[in-house]
Amino acid sequence: MEKNIRVRFAPSPTGHLHIGGARTALFNYLFAKKYSGTFVLRIEDTDELRSSQESVKWIFDSMAWLGLNWDEGAMPDGTQKGNFGPYVQSVRESQGIYKQYADKLVKEGKAYYCYCTAQELDEMRKKAALEKRPPKYEGRCRNLTAEEKEKFEKEGRKPVIRFRMPDDGTTSWNDLIHKELSFENKLLYDFIMVKASGYPTYNFACVIDDYLMKISHVIRGDDHISNTPLQINLYKALGWEIPQFAHLSMILGPDGSRLSKRHGATSVQEYKKEGFLPETIKNYLALLGWSTQDSQQIFEKGELEEKFSLEGCQKNPATFDPVKLKWMNGEYLRKLDKKTLSDLVLPYLKEAGFDLSYPKVPLEELIYLEYEKYKVLSEAPSLLSFFFKENPDMDAEAVQSVFSKPSAYKVLSGIAEVYSSLPNFEEKSIEEATRKFAKDNSLKNGEVFHPVRVAVSGKAQGPTLFKMIEYLGKDCAVNRIKAAVSLCSVNK
RNA sequence: GCCCUCAUCGUCUAGAGGCCUAGGACGCCGCCCUUUCAAGGCGGAGAUCAGGGGUUCGAAUCCCCUUGAGGGCGCCA
């Protein structure tokens with residue numbers, strides 16, 4: 001690869017970091033890592049109405065959580081890191097950076113003031129639609145005379161600055177993912193560079209900044225393909241070198257439409273809250289639109305950074321599959337050691353309002369008992385609840401199916417005796433005693449194990465039985481079994 | 001309406017003219033392990049490579065058309 005690879009992620013702070021945005025950030029990050037380039041974070045807050053400081057913070061938080069650290073750009077503490085700052089467009093605007101280039105283009109006749117109002121534009125579009133013409137701006141203000149301008153100014157109209165698009169020829173580029181892409185200039189339109197408020201628009205600010213920040217590769221979503229010829233013409237008008245472009249495919253929801261809120265969780269923050277690991281999100285997102293030649297699924301730490309390439313990127317859109325995401329999270333969760341898993345699960349138990357002081361054994365032991373069950377961290381409370389209270393919630397179905405067996409009463413009353421006289425209340429001795437009880441009473445193991453499990457945990461399914469009983473402790477286990485005796489429908 | 005893009009199992013994908021009677025992964029089904037649920041192991045179903053034309057000795061792979069899907073046509077980004 002060429003030297004001085006510089007890429008950027010340029011989110012607009014109008015909400016949480018979306019899963020699609022996170023993927024764009026990830027691909028830029030991976031590309032930079034792969035080629036030892038520089039990853040820049042630029043804040044594109046030129047939407048005065050929707051941008052917010054809060055959103056900037058959310059984006060920083062999500063990026064940090066995912067481990068997508070940037071080498072240059074706006075930093076969470078408000079500073080600007082790097083030699084091409086500031087990296088916040090509103091700040092750049094206030095320094096007159098955009099104005100300077102807009103003025104230059106106007107002076108050179110490559111851009112012009114347009115006095116059309118929003119309402120007028122709207123009417124023009126409606127009329128065009130009615131007449132089955134493309135709804136593009138027809139260049140009404142392209143050649144305004146000084147008198148006309150003066151007249152508009154007197155009316156108090158605030159002009160915008162439009163780029164004067166070439167009338168003929170074609171604009172094409174060799175997209176790193178899509179190969180040759182080309183547009184006829186006559187279909188392009190005189191886009192607005194500077195709004196009436198003096199703020200730059202996306203298409204304008206983006207080009208100015210990518211150039212000034214020496215961005216070598218613009219890696220962004222497919223939805224920007226039609227903006228690209230506009231931007232390329234701007235580069236040309238300015239006489240600037242055009243960067244490489246790579247357009248990533250979109251992420252679709254299960255119904256085939258663009259992933260959005262109605263498909264469920266879409267922000268990185270929501271996935272974090274649900275209990276997905278950042279490693280999972282990174283890995284899964286990487287596989288959405290990219291793959292290795294051997295279709296590798298799980299990547300160890302650092303592997304993505306090493307194996308990523310634009311060549312492996314898919315042109316067609318990918319459907320987001322929450323089921324596979326969960327499977328993958330389970331894979332990552334199972335690799336965690338006791339301590340790490342426990343630290344991650346604890347907040348969920350706290351939030352569920354559990355009495356964490358109730359269990360007599362270390363919490364990390366309890367948590368680890370079910371380690372291969374978790375798909376997302378938020379499932380932990382329901383899996384472990386019976387460890388944290390005097391009387392477990394009894395699952396009606398389990399009670400019905402297990403305690404209605406003729407042998408249940410005998411088993412539970414008998415085993416309660418066995419357990420209470422057990423000197424060493426440990427997994428091994430509990431198991432031995434339980435098996436012996438079954439044998440002595442000519443019962444199948446299952447006939448004994450099942451009712452005991454339900455009696456002790458309230459559920460038909462759960463952790464390995466004897467370890468679970470040990471962790472509950474003798475008193476607790478015996479009490480629960482005794483209490484369950486009364487639930488047996490056949491009393492003999 | 002116009003422009004652009006895309007098209008391999010339900011889903012993510014491998015595949016860059018013969019290695020493909022199309023491979024992997026998720027999900028699904030079955031078996032094994034097992035006190036349960038998982039996890040794990042093994043096996044299975046599942047794609048005439050959207051359809052139709054070409055090119056070629058030979059096409060999932062190249063070309064054209066059709067169809068379908070997505071994106072854009074904002075003083076949003």
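Chain identifiers are assigned alphabetically (A, B, ...) following the order of the sequence lines, protein sequences preceding nucleic acid strands; residue numbering begins at 1 within each chain.
For the pair A:Tyr374 and A:Asp294, both in contact range of RNA chain B, the more 5′-proximal nearest nucleotide belongs to A:Asp294. Take the nearest nucleotide of RNA chain B for A:Phe449 and for A:Leu287: the residue whose nucleotide is more 5' is A:Leu287.
With sequence neighbours left out, the side-chain hydrogen bond (donor to acceptor under 3.5 Å, both in side chains) criterion links A:Asn445 to no other residue. In this view, A:Phe386 satisfies the ring-ring contact (aromatic ring centres under 6.0 Å, His included) rule with no residue, not counting sequence neighbours. Residues that satisfy the ring-ring contact (aromatic ring centres under 6.0 Å, His included) test with A:Tyr137, not counting sequence neighbours, are absent from this structure.
Residue A:Arg42 is tested with A:Cys206, A:Pro11, A:Pro86 for a side chain to side chain contact (heavy atoms under 4.5 Å, CB included); the sole match is A:Cys206.
Of the candidates B:U36, B:A14, B:C75, B:U36 carries the atom nearest the A:Thr464 side chain, counting heavy atoms from C-beta on.
Nucleotides B:G10 and B:A47 have their P atoms positioned 7 Å apart, rounded to a whole Å. Rounded to whole Å, the separation between the P atoms of B:G15 and B:G71 comes to 27 Å.
Contacts between residues 158-178 of chain A and RNA chain B, defined by a heavy-atom separation below 4.0 Å, involve A:Val160, A:His178, listed by number. Contacts between residues 377-388 of chain A and RNA chain B, defined by a heavy-atom separation under 4.0 Å, are absent.
Applying the 4.0 Å criterion to OP1 and OP2 of B:C6, one finds that A:Lys179 has every side-chain N and O outside that range. Regarding contacts with the backbone of B:C12, a side-chain N or O of A:Thr319 is found under 4.0 angstrom from either OP1 or OP2.
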Hey, can you pull the donor-acceptor pairs under 3.5 Å for the side chains in residues 159-167 of chain A, sequence neighbours left out?
unit_1, atom_1, unit_2, atom_2, d
A:Arg162, NH1, A:Asp190, O, 2.7
A:Asp167, OD1, A:Arg142, NH1, 2.9
A:Asp167, OD1, A:Arg142, NH2, 3.3

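Every pair passing salt bridge (Lys or Arg N to Asp or Glu O under 4.0 Å) that includes a residue from residues 278-287 of chain A is listed here, sequence neighbours excluded: A:Lys282-A:Glu305.
The cationic group of A:Lys149 does not satisfy the cation-pi geometry with A:Phe152, failing either the under 6.0 Å distance to the six-membered ring centre or the 45° limit from the ring axis.
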Which atom pairs link the protein and nucleotides 30-33 of chain B when you take only N or O atoms and keep those under 3.5 Å?
none

Nucleotide N/O to protein N/O under 3.5 Å, stretch nucleotides 15-21 of chain B:
unit_1, atom_1, unit_2, atom_2, d
B:G15, OP1, A:Gln293, NE2, 3.3

For nucleotides 40-45 of chain B, tabulate all protein N/O to nucleotide N/O atom pairs closer than 3.5 Å, reporting atom names and distance.
unit_1, atom_1, unit_2, atom_2, d
B:G40, OP1, A:Glu331, OE2, 3.3

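Remark: P of B:A39 and CD of A:Gln461 are 12 Å apart, rounded to the nearest angstrom. Between A:Arg435 atom CZ and B:U34 atom P the separation is 10 Å, expressed in whole Å.
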Where protein sits on nucleotides 60-74 of chain B, one letter per nucleotide: B base, S sugar-phosphate only, - none, heavy atoms under 4.0 Å: ----------SSSBS
Along nucleotides 46-51 of chain B, 5' to 3', which nucleotides get a B, which get an S, and which get a -, given that the test is a protein heavy-atom distance under 4.0 Å? ------
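The partner of B:C62 is B:G54, by the rule that a Watson-Crick or G-U pair needs both atom distances under 3.5 Å.
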Show your working on ring pair (Phe, Tyr, Trp, His ring centres under 6.0 Å) between A:Phe9 and A:Phe27 and close with a plain yes or no. CA-CA 9 Å; A:Phe9 174 54; A:Phe27 281 38; over 10 Å; no
Test log, rule salt bridge (charged side-chain N to carboxylate O under 4.0 Å, His left out), inputs A:Glu120 and A:Arg157: CA-CA 12 Å; A:Glu120 284 172 340; A:Arg157 295 196 187 201; 3.0 Å; yes
